[in-house]
Structure formats: structure tokens, C-alpha cells
2 protein chains.
Amino acid sequence: MREKRSTKGRPNSLDIAHRAGVSQATVSRALRGSPLVSEATRRRVVEIARELNYKVDKSASNLRTQRSNTLALLLFEDPTADGPAINPFFLSLLASITRACAQVGQDLLISFQQLSDDWQADYESTHKADGLILLGYGDFIEYRSKLDRLNRRGAHFVRWGSAHPGQAGPVIGCDNVGGGREMTRHLVSLGRRRIAFIGTKTKQYPEFRDRYAGYFRVLRESGLDIDPEMQVDAITTEESGYAAMKSLIDKNAPFDAVFGASDLIAIGAMQALLEAGYDIPGQVAIAGFDDIPAAAYARRPLTTIQQDTRRAGAILVESLLHLINDEPVKGRTIPGKLVVRDSCGAR
Amino acid sequence: MREKRSTKGRPNSLDIAHRAGVSQATVSRALRGSPLVSEATRRRVVEIARELNYKVDKSASNLRTQRSNTLALLLFEDPTADGPAINPFFLSLLASITRACAQVGQDLLISFQQLSDDWQADYESTHKADGLILLGYGDFIEYRSKLDRLNRRGAHFVRWGSAHPGQAGPVIGCDNVGGGREMTRHLVSLGRRRIAFIGTKTKQYPEFRDRYAGYFRVLRESGLDIDPEMQVDAITTEESGYAAMKSLIDKNAPFDAVFGASDLIAIGAMQALLEAGYDIPGQVAIAGFDDIPAAAYARRPLTTIQQDTRRAGAILVESLLHLINDEPVKGRTIPGKLVVRDSCGAR
DNA sequence: CTGAAAGCGCTTACAG
DNA sequence: CTGAAAGCGCTTACAG
């Protein structure tokens with residue numbers, strides 16, 4: 001019997017076995033908590049492992065079990081976003097995903113993919129990860145073909161977004177239509193009649209589209225005018241919200257409220273309004289969506305729809321694990337919550 | 001010769017070898033770009049691998065090479081921080097570290113450790129990662145013994161923080177003393193004479209301590225009074241800054257400027273000042289440190305010291321890789337940059 | 001330039 | 001409850 005005991009570096013399971021006077025197999029069993037090992041043996045092995053500071057080698061274990069117990073989080077940034085700025089909302093989500101992973105004993109790899117990257121650089125086929133969590137707004141059209149390809153390859157993945165029929169893989173997302181409705185109803189209830197919507201409403205941005213849909217429906221239900229001039233495109237950055245607001249101001253069409261499709265948009269728009277001398281909320285009410293940390297500390301504390309990122313992260317991780325275990329998973333929609341602050345004049 | 005060709009699932013290197021009519025060893029060499037392989041062979045192998053969508057199995061490769069090409073980012077949250085809130089500054093750093101890792105072909109594992117966790121749950125001894133990046137403010141005293149232990153174990157790690165003599169492992173950090181000086185000089189140059197400092201200055205918070213040291217020195221150099229009442233403890237949250245500011249206001253001691261040890265503190269303090277009816281910057285100038293994204297969109301756009309997170313991330317990753325390759329690494333200090341906005345009344 | 005062989009450190013079916 | 005053995009899929013010294 002030729003045995004490979006490690007001499008220099010880290011101890012291996014054989015070293016533990018020798019010290020404990022058992023076989024290497026027993027060490028492995030003991031450390032994994034197998035019921036096949038007697039309590040006395042288990043204790044001895046665990047104790048010696050602790051003494052020698054032995055830790056099971058993950059590469060070896062992964063190779064043998066064909067499982068990595070690792071999830072990969074791919075964050076897709078909007079291609080127009082440059083520099084280190086990332087939507088704070090996704091960072092909240094990232095934080096809660098990290099915690100959720102820790103709780104279920106999964107490791108988490110993260111990567112900020114550009115939308116243009118080739119996802120072939122697969123995490124799963126290299127066995128780096130057992131599944132993927134996809135995060136990001138971004139151009140849904142381009143996105144879609146890649147999702148389909150992932151699906152064909154049998155990849156395990158969940159996605160944060162807006163659920164729509166016929167999509168590849170389960171989608172977990174906020175109830176964007178409902179949130180859009182609730183916020184618009186709130187503004188209407190405060191007596192606002194000319195409510196602008198700032199955010200791109202094409203299907204490239206399904207979240208925004210849904211929020212717009214909620215807004216649209218409430219306007220209609222309330223018998224208010226739907227003026228196409230009252231919608232201005234913007235992606236989710238302060239800069240874009242700022243520019244969109246300026247262009248709306250330049251139109252010289254009257255408005256008494258602004259609903260930003262995201263908090264970043266709303267915060268940028270707020271800046272433009274204040275610079276132009278508008279009184280917020282006296283003259284113009286403003287509202288956002290997401291409840292990012294900065295919302296409460298904006299120049300006027302921002303009324304917004306709070307997304308439950310903590311729950312979202314937990315559900316994303318839980319769903320992905322189900323998928324990895326070949327259990328059925330369906331998409332979930334998480335309700336948002338209206339958070340009233342100063343910016344809309346409700347108080 | 002018994003050969004293990006994969007039947008069902010993913011192809012392995014032997015499958016590629018068969019198709020290409022070469023040995024499995026040659027496939028491995030070709031895919032790693034070994035110069036020992038002829039160009040023609042290499043091309044054939046690469047082409048077939050692409051066709052079959054073959055990817056080298058990372059667990060196997062890691063096990064064989066005893067390297068994971070993975071770094072682990074441990075983010076230590078302040079124990080008092082609850083909920084999903086994480087200092088946005090660290091999130092910026094996280095983002096830039098992610099990018100830096102991608103650029104050098106390293107994977108990145110992340111984990112939000114609590115300060116009280118046992119770091120024994122080692123990333124390195126399990127071969128999950130080749131080294132650690134440590135991020136976080138937090139109680140330095142408790143921290144220190146753990147750092148020393150990491151060091152004794154021969155772990156590879158770099159740390160973001162304030163460099164001080166005799167520390168375990170290389171520290172990369174902002175020039176906190178210099179930043180503190182620069183900001184204080186700026187406030188003095190604007191005619192402010194009673195400048196409060198909000199932030200804990202004990203050695204548990206070395207960054208804050210250094211910023212305070214810069215502040216203190218400039219006050220002294222400028223011949224200004226140093227009134228102990230003008231320093232109030234706070235950790236780096238808006239809540240803490242808010243509470244500290246309130247307590248300062250309650251002291252009824254006059255002040256004409258507030259230097260928050262971090263942007264979060266300054267933003268919280270700003271809130272307290274505005275609620276108490278102070279005019280910012282007319283009556284009280286306010287400044288922060290970090291230049292987090294929210295700083296520009298605070299109720300008064302905040303003058304602050306910008307930290308170069310992009311460069312910081314790159315240096316952290318680069319330093320850690322040197323360490324892993326047993327090359328000498330020394331700590332680095334990155335200068336901050338004064339960013340003047342409305343909150344200090346300079347314009 | 002290429003191949004055959006060993007071995008990285010585990011986990012687990014098999015046999016007792 | 002325990003051990004001996006096979007094997008996960010690679011990489012690389014060795015030999016040619």
C-alpha cells in the first residue's frame with residue numbers, strides 16, 4: 001500500500017487518517033457527517049482535523065462530486081453606464097443574494113458582464129458554478145437570444161426582471177405594473193392631473209414598460225388626459241433623468257407631477273427641476289421607483305416604491321437551488337410598497 | 001488501455017482527443033496554449049473543442065495545479081449596521097475589484113463576513129481561493145488578532161485601510177491624513193473658524209482617526225482654537241451622523257462648519273442641520289469624505305474628498321497577485337481629491 | 001512535437 | 001461501522 005502523505009504544505013485527509021488510526025475513507029465520512037461513522041470515531045477525527053487545521057480540499061471534493069456548491073452572479077450593466085457607477089438597486093440585491101448564499105452554504109462568484117460579452121464563457125460548463133443568477137436591466141432584445149441559448153444548453157439560471165409570457169427560465173421580479181399603478185394613484189389622489197412619466201417604455205426595458213403600463217392604466221381609469229408629450233425616454237441613470245427632465249421642461253407643456261421610472265431617474269430629474277427654479281413639491285410633485293438608499297437623502301426626500309430586495313435575494317437563491325436539484329420552479333412576483341416622503345407633497 | 005469517454009453529459013478532454021485524433025495530453029496542452037504543440041494541431045483541437053462546446057473542468061484543473069485562480073473578497077460590516085445597508089463606498093470598491101479581477105483573469109468569490117465570524121472558515125486552506133481581499137471599517141482591535149492569525153497561517157491577503165506601523169499584511173488605503181488636511185484647509189480658507197468634526201477618532205477606527213489627525217493639524221497650524229466639544233463620535237451611517245449632529249446642536253456651542261468623517265455621516269448630519277433650521281452653507285458649511293454617488297445628490301450637493309476606487313481596486317488585486325506569487329509587496333497610499341460642491345459655500 | 005503514465009485529494013459503491 | 005479500491009478530469013514530468 002503506497003500512501004501519499006503530505007510532507008510540507010497543508011495536511012490532507014490521509015494525514016488525519018494516520019493520526020486518528022483510521023482509514024482515509026473514514027476521515028472523509030466523518031467530516032461529512034455520514035451516519036455510517038460511529039460517534040466516537042467522528043469526534044476523534046474532527047478533533048484531529050481541528051488541531052492540524054485541516055480543511056477538505058474543495059477542488060478535489062468538487063471534482064469527485066461533480067458539484068461546486070457555488071452560484072455565479074452575473075450583473076449586466078447598461079452599456080451606456082461607464083465608470084464604476086452601478087445601479088444601487090442592484091447592489092442592494094447583490095448584498096441580499098450574498099447573505100442568502102451564506103445562509104444556505106453556497107459560495108458566490110460575481111462578475112460584471114457587459115451585455116456584449118459571450119456568455120459561452122460559461123460558469124457551469126467549467127464547473128465553476130452550479131447555476132447562474134442574472135441581474136440587470138438592459139436591452140431585452142439582445143438579451144433574449146442569449147437566454148435561449150443558455151436554455152438550450154441546459155444551463156441552470158434564474159433571472160431578475162419583469163415576467164412576460166414565453167420567457168426562457170424562471171423570472172423573479174417586482175410587481176412593476178402594480179407599483180406603477182399604486183404610485184400613479186397616489187399622485188392622482190394628491191390632486192395631480194398632468195403627470196409626466198420619465199423612462200423608456202419600449203420592450204427593451206420591460207421593467208420600465210410595466211411601470212408605464214400601470215401609470216397609463218390609472219390615468220385612463222381616472223379619466224385623465226394621456227398626452228404623449230408627457231412621456232420622455234430615459235435609462236436608469238441620474239444623467240439620463242436630468243437630461244430627460246430638461247427636454248420636458250423645454251417643451252413648455254404644463255405638468256404638475258413627475259413619475260421617474262427609477263429612483264436614479266427621479267433624482268436626476270429633481271436636480272433639473274430645482275435648477276430650473278421649480279418648487280418641489282409645491283409646483284411639481286416627484287416620485288421614483290426602487291427605494292435606493294439615496295432616495296431618502298435626496299434634495300427632497302423622495303416618495304418611491306420600495307422593492308423588497310431582502311426577500312428578492314432569498315427567493316432568487318432558493319429558486320436557483322431548486323432548479324439545480326431538478327425541482328420545478330416558477331417565476332415569482334414580489335409586491336412593492338409605497339413609501340411616502342416629502343417630494344410628492346403628501347405631508 | 002481503458003479510456004473514459006464521457007457518454008452522456010459534458011464532453012471531457014478525452015472526447016476532444018478522439019475527435020482530433022491526438023492524445024488527451026495534447027488536447028490539454030493545446031487548450032492551455034503550450035508552445036509544445038504545433039500550430040496545426042492546436043487549431044484543430046481548439047476548433048473541435050468549440051464545436052462540442054467543451055470547456056476545461058475547473059475543479060480538475062485546480063486540483064492538478066493546486067491553484068484556483070480565484071480571489072475572495074471578504075467584506076466586514078460594522079456590527080451595528082443592520083439590514084441590507086452596506087457602505088456605498090465599499091460597494092464602489094467592490095465594483096472596481098470585480099472589474100480588476102476580470103481583467104487579469106481571476107474569478108472573484110464574495111462574502112459579507114461579520115466581524116465576529118471565525119475566519120478559520122478559510123478560503124485558502126480549502127483551495128477555494130488563492131488569496132483574500134479584506135474590506136471594511138470596523139473595530140480594529142478585534143480585527144487585529146485575526147489578521148495576525150491569518151499571517152501565522154501563511155495566508156495571502158491584502159487589506160483596505162489605514163496603514164500604521166507593525167501591521168499584518170500589506171495595507172492599501174487612501175491618504176486619510178492628507179485628505180483630512182486638505183478638507184480642513186479648504187474650510188479654513190473659506191473663512192470658517194469653528195469647524196466641528198463628526199466621527200469617532202479612537203484607534204478602533206483608524207481611517208477616521210487619520211482624517212481627524214489631518215483636521216487637528218490644520219486647526220493648530222492655522223492658530224485656531226481646538227475645542228474638544230467640537231468633536232462628536234459617530235460611525236459611518238447616516239443615522240449615526242444624524243444623531244451626532246443633534247447632540248452637537250444641543251450643546252449650544254457655536255460652529256460654522258461641520259466636517260463629517262465620511263459622506264454618510266455628513267449626509268446624516270446635513271439632515272439634522274436642515275431640520276433644525278440651519279442655513280447650509282450660509283450659516284454652516286458641511287463637508288464629507290469618500291465621494292459616494294449620493295454625495296452629489298444630497299439635499300445640498302456635498303463637498304468631499306474623492307477616493308479613487310478604480311485605482312484602489314486595481315492596486316488591491318495586483319498586490320494580492322504579487323503576494324500569491326511570492327513577490328514582495330508593500331502597502332500603498334492613494335491620494336484623495338478635493339471635490340467642491342455647494343455644501344461648503346465655495347460657490 | 002507527441003504520447004503514456006502518474007497523481008492532485010477527495011467521495012462512494014462494494015465487500016465485509 | 002470500517003477499509004480497500006476506483007475514479008472524478010485534468011496537468012506535467014518523462015521518454016521518445
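Chain naming here is simple, since letters A, B, ... match the order of the sequence lines and numbering starts at 1 in each.
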More than 12 heavy atoms of other groups within 6.0 Å of R67(B) CZ: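 Buried by this count: over 12 neighbours within 6.0 Å.
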Between [atom1] of [X] and [atom2] of [Y], what distance do you get to the nearest 0.5 Å?
| X | Y | atom1 | atom2 | answer |
| --- | --- | --- | --- | --- |
| D15(B) | Q24(B) | CG | CD | 10.5 Å |
| L150(A) | R159(A) | CG | CZ | 10.5 Å |
| K330(B) | I172(B) | NZ | CD1 | 10.5 Å |
| T26(A) | L36(A) | OG1 | CG | 9.5 Å |

Each stem that DNA chain D is part of, given as range with range (3 or more consecutive Watson-Crick or G-U pairs, under 3.5 Å):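 Listed by first number, the stems are C:1-3 with D:14-16, C:5-12 with D:5-12, C:14-16 with D:1-3.
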In this structure, how many angstroms lie between the [atom2] atom of [N] and the [atom1] atom of [X], rounded?
| X | N | atom1 | atom2 | result |
| --- | --- | --- | --- | --- |
| N62(B) | dT11(D) | CG | P | 10 Å |
| L14(A) | dG3(D) | CG | P | 12 Å |
| K58(B) | dT11(D) | NZ | C1' | 15 Å |
| D15(A) | dC8(C) | CG | P | 12 Å |
| N12(B) | dG7(D) | CG | P | 14 Å |
| D57(A) | dG9(C) | CG | P | 7 Å |
| H18(A) | dA4(D) | NE2 | C1' | 13 Å |
| I16(A) | dG9(C) | CD1 | C1' | 12 Å |

pair L109(B)-K128(B): side-chain heavy atoms closer than 4.5 Å: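 The answer is yes, as the side chains (C-beta and beyond) meet within the 4.5 Å cut-off.
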Minimum-distance nucleotide to L63(A) side chain [options: dC8(D), dG3(D), dT11(C)]: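 Nearest listed nucleotide: dC8(D).
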Side chain of S61(A) - closest among dC10(C), dG9(D), dT11(D):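 Closest nucleotide to the S61(A) side chain: dC10(C).
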With the threshold set at 4.0 Å, does a side-chain nitrogen-carboxylate oxygen contact exist between [X] and [Y]?
| X | Y | answer |
| --- | --- | --- |
| R44(B) | E47(B) | no |
| R42(A) | E39(A) | yes |
| K58(B) | D107(B) | yes |

Residue-phosphate contact under 4.0 Å: [X] side-chain N/O, [N] OP1/OP2:
| X | N | result |
| --- | --- | --- |
| S23(A) | dG3(D) | yes |
| S38(B) | dT2(C) | yes |
| Q66(B) | dG7(C) | no |

D130(B) side chain to S68(B) side chain, donor-acceptor N/O pair below 3.5 angstrom: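 The answer is yes; a qualifying pair exists.
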Residue closer to the 5' end of DNA chain C, G21(B) versus V27(A) (nearest nucleotide):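 With V27(A) and G21(B) compared, the 5'-side residue is G21(B).
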Nearest-nucleotide comparison on DNA chain C, the residue closer to the 5′ end among V37(B) and V56(A):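 This one resolves to V37(B).
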Touch class at under 4.0 angstrom, heavy-atom based, for T41(A) against every strand present: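 Contact class for T41(A): sugar-phosphate only.
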Nearest-Å distance once atom P is located in both dA15(C) and dT11(C):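 Comparing P positions in dA15(C) and dT11(C) gives a spacing of 22 Å.
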Rounded distance in Å between the P positions of dC1(C) and dA5(C):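 It works out to 24 Å between them.
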Dump the pairs, protein N or O against N or O of nucleotides 12-16 of chain C, anything under 3.5 Å, distances to one decimal.
from	atom 1	to	atom 2	distance (Å)
dT12(C)	OP2	R32(A)	NH1	3.1
dA13(C)	N6	R29(A)	NH2	2.6

